[in-house]
Visitor: 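Below is the structure I would like to discuss, written out as structure tokens.
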Amino acid sequence: MRAHRYTDPTPVDSSVAILTVHVDIGEIECCGPYPVVGESCSWTLTPRAETGSFDGWVHGGTSVVGAPTTGSVLEILVVTTTYAEVGSPRVRLPVEGSETYRRVDASPRWFRRFGDFDVGPQNRIETGVVVELAVTPGTQDSDESGA
């Protein structure tokens, strides 16, 4: 968790913790929630290895051990990733470090896929969102596993 980093007025108190939450398109397109700046949103959070950020999960069919967390959405970035065709048979794999980010006020319900971009041998697709979530310290539910 990070301390509040904003100097301009924001819709949250300066005592909140700001969490960075990565949400895959499958989570949003299948089960929601659709984060909107200024509104409350909830996910089960699992830490991303050595990044200080989290993955957000809601998918009903996936057993995820983590901390159910609710907070106020401060910022949403749509992540777009370049994929390259490699190997035989040809498969598309993400190109490391190719992510770009686009700020939006609300998450899309459906994301752009292959064929929605005309970029030649490499294709760019929207792969999810990154959300800055304001959480009041002490309100994050405890993880049942103790992890």
Side-chain angles (χ1 to χ4, degrees), residues 1-85 91-144 147:
M1 291 190 227
R2 294 192 309 261
H4 196 280
R5 67 177 185 197
Y6 298 99
T7 55
D8 294 334
T10 64
V12 296
D13 182 282
S14 63
S15 66
V16 300
I18 310 279
L19 306 180
T20 301
V21 181
H22 299 259
V23 185
D24 185 77
I25 63 171
E27 293 296 314
I28 293 174
E29 289 183 349
C30 172
C31 305
Y34 310 104
V36 176
V37 171
E39 294 186 8
S40 180
C41 215
S42 299
W43 292 281
T44 296
L45 301 184
T46 57
R48 291 186 131 205
E50 300 180 28
T51 65
S53 61
F54 299 86
D55 285 314
W57 305 90
V58 293
H59 194 75
T62 303
S63 176
V64 175
V65 176
T69 303
T70 300
S72 180
V73 176
L74 299 178
E75 181 179 46
I76 303 166
L77 301 173
V78 174
V79 182
T80 303
T81 305
T82 298
Y83 279 71
E85 290 186 6
V91 295
R92 291 181 174 147
L93 296 176
V95 175
E96 189 174 335
S98 67
E99 296 83 8
T100 58
Y101 302 89
R102 175 175 50 93
R103 183 172 287 137
V104 295
D105 291 329
S107 170
R109 292 182 188 263
W110 303 103
F111 291 79
R112 298 174 113 183
R113 299 217 187 326
F114 294 117
D116 292 342
F117 298 93
D118 182 21
V119 200
Q122 291 191 341
N123 291 294
R124 294 185 54 75
I125 66 169
E126 294 174 344
T127 55
V129 295
V130 177
V131 176
E132 292 289 311
L133 191 66
V135 178
T136 303
T139 61
Q140 185 173 1
D141 294 340
S142 63
D143 179 346
E144 292 178 11

Visitor: Taking atom CD of Glu27 and atom OH of Tyr34, what is their separation to the nearest 0.5 Å?
Guide: 11.5 Å

Visitor: List the steps and the verdict of side chain to side chain contact (heavy atoms under 4.5 Å, CB included) for Glu99 and Thr80.
Guide: CA-CA 5 Å; Glu99 296 83 8; Thr80 303; over 6 Å; no

Visitor: Return the minimal non-hydrogen interatomic distance between Pro35 and Ile76, and the atom names on each side.
Guide: O-CD1, 3.2 Å

Visitor: Give the minimum heavy-atom separation between Val37 and Glu75, together with the two atoms involved.
Guide: CG2-CA, 4.1 Å

Visitor: Would you check if Thr69 and Phe54 make a side-chain contact, meaning some heavy-atom pair closer than 4.5 Å?
Guide: no

Visitor: So which atom in Val36 and which in Val73 form the shortest heavy-atom distance, rounded to 0.1 Å?
Guide: O-CB, 3.4 Å

Visitor: For the residue pair Cys41 and Leu133, what are the closest heavy atoms and their distance?
Guide: O-CD1, 4.2 Å

Visitor: Does a donor on one side chain sit under 3.5 Å from an acceptor on the other, for Ser72 and Glu39?
Guide: no

Visitor: Could you give the distance from CG (Leu45) to CH2 (Trp57), rounded to the nearest 0.5 Å?
Guide: 11.5 Å

Visitor: For a quick test of reading the model, state the closest non-hydrogen atom pair linking Ile25 to Gly128 and the distance between them.
Guide: CG2-N, 3.2 Å

Visitor: Can you measure from CZ (Arg103) to CG (Leu77) and round to the nearest 0.5 angstrom?
Guide: 6.0 Å

Visitor: Using every non-hydrogen atom in the two residues, find where Ile28 and Pro108 come nearest and quote the distance to one decimal.
Guide: CG2-O, 3.5 Å

Visitor: Rounded to the nearest 0.5 Å, what's the gap from OG1 on Thr100 to CD on Glu126? Could you check?
Guide: 9.0 Å

Visitor: Partners of Pro94 by side chain to side chain contact (heavy atoms under 4.5 Å, CB included), sequence neighbours excluded?
Guide: Thr81, Tyr83

